[in-house]
Structures are given as structure tokens and as C-alpha cells.
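Take a look at the structure set out below.
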Amino acid sequence: MAPVIVTEGVTRVYSDDGVPVHALRGIDLTIERGEFAALVGPSGSGKTTFLNVISGLDTPTDGKVWLNGKLLSRMSGNALSDFRRDNIGFVFQAYNLIPVLTVEENIEYIMLLQKIPKAERHERVLAILDEVGLGGMESRKPTQLSGGQQQRVAIARAMVSQPATIMADEPTANLDSKIGAELLDMMYRLNMQTEMTFIFSTHDPMVMARARRLITLKDGQIERDEVRSP
Amino acid sequence: MLKIAFRNIFRQRRRTVLTALAMIVGFTLSSVFIGWSDGAYSDIISMFTRNRIGHIQVHRAGYLDKPSLYDVIEGYESIGEKIAGVDGVEAWTPRIYSAGLGSVGDKTMGVQIIGVDVGREVKATQFDRKITRGAIFSDAAREAILGVGLARILKADVGREIVLVTQGTDGAIANDLYTIIGIAKSGDKATDRMACYLHINDAQDLLVLNGRVHEIAVIAEALDRVPKITAAIEAQINDAKLEVSPWQVVAKSFYRAMQADRQGDLIGRMIIMLIVAIGVLNTVLMSVLERTREYGVLKAMGTKPSQIFGVVVAEVTFIALGSIIIGAMCGASLNYLLSIYGISLPQEFSYGGIVFQTMYAAVTVRSLAIPAVTVLVSAIFVSLFPALRAARIAPASAMRTH
């Protein structure tokens with residue numbers, strides 16, 4: 001398998017009122033295509049910071065990150081935007097749908113940035129809505145959906161442009177366990193069908209149980225890296 | 001992006017309404033300011049030109065800079081006929097000017113002798129309406145009409161006689177006796193203190209001008225056509241010895257004073273727009289702050305900083321365009337009402353010697369176009385800083401905000 005993400009000595013230091021806070025301390029990691037991996041660890045261990053750094057949302061203080069073979073630190077702001085648009089899908093804990101857009105418009109947003117023709121966008125939105133079990137809800141606004149439905153839309157939005165990697169930051173944290181399990185099943189199924197790489201940052205034992213690789217962070221370092229059989 | 005910008009307008013309706021209100025009030029005030037100023041200046045110019053100097057004047061070259069008794073126009077009647085043939089000319093009238101001394105009884109005063117063609121002067125500047133006592137010139141010879149101020153100084157009245165002493169073009173001292181048949185009030189106090197009107201034939205006889213005049217004043221059908229008519233008259237006369245000047249050149253100091261006044265208006269408008277801009281800046285900054293997380297999400301998904309910048313600017317532009325439409329309706333309506341009913345001033349005031357009692361506004365293209373451009377430009381300008389802030393949001397930290 002080809003590596004999707006390679007990090008080399010990634011360090012991230014924040015300044016908190018002039019006091020340096022080491023969020024990440026020289027992380028070396030390789031994630032292969034098609035992995036279903038979870039970053040776990042206690043609060044403040046650096047999970048979200050690491051997820052942000054490997055997706056190009058944050059810049060490491062030191063070290064290098066390659067995503068799909070591209071060194072992120074060499075990219076300009078616009079190039080990085082384009083790269084994220086074409087290579088990464090995001091699922092956030094708080095769903096983060098755009099409230100003024102309908103379900104369909106939220107899902108097609110990235111395809112719009114990719115200048116995909118309207119007819120194709122519409123077709124792909126309807127197909128993915130069926131896949132996440134929200135067929136017929138394309139005209140609704142996010143406020144008209146339950147939390148579970150909003151997270152399904154967020155997953156559909158992340159996946160519709162078929163990126164190589166999905167980064168999910170605590171995707172089940174705001175959902176009850178039944179809906180969380182359903183969504184996790186759905187992502188697992190998609191991972192198996194499409195070979196899309198899924199990287200979670202999570203506290204949720206259910207996600208940990210499903211992950212085929214568990215990367216445990218503590219104090220900004222990898223404490224344990226465990227690969228499990230499917 | 002435009003869809004997001006447009007729909008964002010309706011998210012915080014109260015704030016959008018307040019922002020729009022600031023722009024609408026600013027537009028309307030600015031529009032009324034300009035409409036009022038245009039109406040007032042239009043009245044002033046109209047009275048100044050129509051009642052006195054005319055819209056265009058023809059002189060011997062150099063006369064305007066240094067008036068001389070000897071700089072005369074030959075064959076003025078044929079020139080007048082040519083002028084009358086120019087499209088847009090309503091009337092023309094010849095005039096003669098000379099300085100002299102006027103004596104009534106034992107009072108003597110320096111006077112300005114003004115020779116006028118009664119029929120043409122009435123048609124061009126409604127000279128008959130300026131007569132406050134007595135009558136206008138009859139066919140009789142040696143009649144004079146005095147300005148109201150001059151009559152007061154000389155303690156003269158209708159029926160008395162005035163002796164005029166001056167110099168003719170032949171170099172000899174010229175003097176004659178005239179019967180005062182009327183007192184005129186032009187509205188310009190300086191003129192009324194000096195003016196002694198004579199019939200053009202009497203003035204030509206006194207000054208030995210032999211059918212020649214110093215000036216031809218032209219009235220145009222519309223003020224805004226003056227530049228074109230001036231050029232057309234110039235082409236029609238086609239005489240290098242003559243100079244054709246629009247009213248702005250004839251009354252240079254009056255025109256400059258008016259332009260300076262308009263600069264004052266500009267400062268007033270800028271203050272109004274500054275207040276509006278500060279209000280708009282405040283609300284746009286607030287909305288960017290509230291949507292920090294959202295802009296972070298958009299950036300995470302691959303939206304370019306320039307596109308985020310565009311969303312913020314477009315949202316303000318949409319509000320500004322809506323406000324301009326409503327403001328234009330309010331401004332035009334108010335200016336229209338003020339152009340009909342005007343406002344009576346508690347105390348009359350005088351500008352350029354012209355006395356005003358009621359001020360009227362005007363509905364002009366300027367009164368809508370200038371506020372429209374100002375509101376749009378200032379709204380876009382003040383949105384640049386918040387837009388830049390939104391565009392530079394770091395997605396990772398933006399998504400940590402609530």
C-alpha cells in the first residue's frame with residue numbers, strides 16, 4: 001500500500017501568554033491508503049492538533065508533513081486550499097454545516113469549488129444522500145434536521161467529492177450511541193468499499209473498537225501504535 | 001459564494017435593517033443636501049443670468065478684462081440676427097456702458113450709464129418687471145430710469161430731471177438733460193446704486209457711438225445648453241475681433257464663489273457619509289466575528305482566502321444596493337416635494353446681490369448619482385478591513401471558536 005500521510009519530526013508549540021506549550025513533540029508517523037485509523041488519548045494529548053497539522057489546517061512549528069506525496073510546507077495558501085479541496089474531506093464534532101445553505105447546497109459546495117457541472121453535482125448529491133439514508137431531504141435547511149441527520153450530511157459532504165482521505169474530529173461525540181454506531185458502520189462500510197482512508201480523533205470506545213489501527217498520543221508524543229486485524 | 005453572501009443578509013435581520021437604515025438615512029440626507037444645493041444654485045444662476053447678465057455675452061475681444069468705451073461692436077443688428085438663428089437661443093439684447101456723473105438738483109453722484117433696447121431688454125431680461133415706480137421707456141427722447149439706490153442717494157423721483165456728464169468716443173465732454181420716468185430695482189444692490197438706464201438711441205447719441213454697442217447679451221432656452229450654444233454662436237459669428245463668453249466667464253468671481261460654496265457642501269456630505277461608514281464598519285466587524293467558525297469551515301473545505309473576502313464584500317454590497325434603491329426613492333420624493341413647495345426662509349437672504357425669500361430643491365441626476373456612488377464606495381471600502389480579517393482567518397483556530 002502507498003503511504004497517504006507521512007510525518008517526520010512534527011512539532012507544534014503554542015504560545016500561551018508568552019509561555020510555550022508543546023502540543024506535539026516530534027511525531028513520526030506513516031498512514032497507508034485505505035486505513036481506518038484512530039488517534040486516541042486523553043484531552044490535551046495533541047489528537048486534534050495532529051489532525052489539523054496533517055490536514056494542512058495548521059502549520060507545524062517544526063518537522064515535515066507529506067500528504068499524498070506532497071510536502072505541505074512547500075505550498076502557498078491558495079495551493080493548500082486547492083489541495084485540501086481535492087484531497088481531504090472533513091467531518092467535525094459540531095457538524096459545521098453552513099446554516100444558510102440547504103442540504104443539497106451544503107453537500108455540493110466542494111464540487112462547486114471544483115467546478116463540476118450542475119447536472120453531475122445534482123446526480124452525485126442524490127446518490128450520496130441515498131447512501132447516508134437521507135434521500136428526499138435535499139431541500140431542507142440544517143436547522144430542520146436532527147443532530148444525527150446533520151452529521152450524516154456532514155459525512156456526505158466530506159465524501160461526495162471522493163477525496164483520498166477523510167479526517168474526522170470526534171465525529172460521534174455529539175450523538176447518542178445508537179446513531180453514532182450507525183454512522184460509524186456507514187463510514188466503515190464506505191472505507192471497505194472505496195479504500196478511502198479514514199483518520200479519526202476520538203475518545204469514543206465504539207470508534208476505538210472499530211478502528212483497525214489505534215495510535216495513542218500522550219503529551220504530544222505517540223505512546224503506542226497498534227495495528228489490529230479487521 | 002454569492003448565494004451565501006445573499007442569504008447571510010437575512011440571518012440577522014435586525015442588524016441588516018439597522019445597517020441598511022444607516023445607509024438609507026445617509027443616502028437620503030446626502031441626496032436632499034445636493035438637491036437643495038442644486039435647486040438653490042439653479043435659482044441663483046437663473047436669476048443672475050436671466051434677469052441681469054444673460055447666459056452668454058458677446059463683446060469686442062479683451063473688453064471683459066478691461067472694459068473701454070472704445071471697444072465697440074460694429075453692426076450689432078446683423079450679428080444679433082445671426083445669433084437669433086442659432087438653435088436654442090431664446091432672445092438677445094444689445095447694451096451700452098459708460099461711466100459718468102449724474103446730478104439731480106444739488107446732488108451729484110458717479111453713475112453707470114446703461115443704454116438698453118427696451119423691446120429686446122424686456123423680452124430678454126423682463127426689464128419691465130424691474131420698474132418699481134413710474135414707467136418704462138416710451139418713444140419720447142431723453143428719458144432716464146434710475147436704479148432705486150441711486151434715486152435714494154440723489155433724492156430723485158419720477159418726473160424730476162437728471163443731468164448726465166460723460167465723455168464721448170470723439171473725446172469731447174458730453175452732457176445732456178433727461179427726464180426721470182421710472183425707478184428700477186434689479187435685485188442687485190450694487191447695480192441699483194449706480195445704474196442710470198437710457199434708451200439705446202439716446203446713449204449712442206450722448207456717447208457718439210454711431211449705431212455701435214458694447215455688449216450683446218444672449219438668453220438661452222436652457223442653462224445646461226449654454227456651452228453648446230456658446231460654441232454655435234462663435235461659429236456663426238466667425239469674427240476674430242469678437243469674443244463670445246458664457247456666464248461663468250462673464251461673472252468669474254460670482255462663479256468662483258459659488259464653486260467654493262459647493263466645496264463646503266462636499267465637506268458636509270463627507271461628514272454624513274463618515275458617520276454612516278463608521279456604523280456600517282461596526283456591524284460588518286460584528287458579523288465577521290460571529291461567523292469566524294463558519295469562515296474557518298469554508299477555508300478547511302478548500303475555499304480560497306479571496307473567495308471568503310468576496311463573500312464579506314458581496315454581502316455588504318447587496319445591502320448597499322438595496323439601500324441605494326430605497327434611499328433613491330426617499331431622496332427623489334423629498335427633493336420633488338421641496339421643489340414644488342420649497343421652504344420659506346424666516347429672513348430673506350442675498351447671494352451675489354440677489355435677494356431670496358423661498359428656497360426650492362431640485363430633482364437632479366447628481367442628487368441621486370453622487371449619494372449612490374458615495375454609499376456604494378464607502379460601504380465597500382469599510383467592508384474591506386473585516387473582509388480581509390475573514391480571509392486571513394486560520395481555519396484550525398477559527399473552528400475552536402463558538
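Chain identifiers are assigned alphabetically (A, B, ...) following the order of the sequence lines, protein sequences preceding nucleic acid strands; residue numbering begins at 1 within each chain.
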Shortest non-hydrogen separation from B:Ala300 to A:Phe92 and the atoms involved | CB-CZ, 4.2 Å
What is the minimum heavy-atom distance between A:Arg85 and B:Gly302, and which atoms define it?
-> CB-CA, 3.7 Å
Spacing of A:Asn106 atom CG and B:Met301 atom CE [to the nearest 0.5 Å] | 7.0 Å
Decide if atom CD of A:Glu123 counts as having more than 12 heavy atoms of other residues, nucleotides or ligands within a radius under 6.0 Å.
-> no
If one checks every heavy atom of B:Ala394 against chain A at 4.5 Å, the contacting part turns out to be neither
Heavy-atom neighbours of B:Arg225 CZ exceed 12 at 6.0 Å = yes
Minimum side-chain heavy-atom gap A:Phe90-B:Val297 below 4.5 Å = no
For A:Lys70, look at atom NZ and say whether over 12 heavy atoms of other residues, nucleotides or ligands are found less than 6.0 Å away.
-> no
Rounded distance [0.5 Å steps], NZ in B:Lys304 versus CG in A:Leu80 = 11.5 Å
B:Arg392 atom CZ, neighbour heavy-atom count above 12 within 6.0 Å | no
Do you know which of A:Pro99, A:Ser81, A:Ser55 has the most heavy-atom pairs under 4.5 Å to chain B?
-> A:Ser81
Interface check, chain B: of A:Thr59, A:Leu101, A:Asp169, most non-hydrogen pairs under 4.5 Å belong to A:Leu101
Interface moiety of A:Glu105 toward chain B, non-hydrogen atoms closer than 4.5 Å = side chain
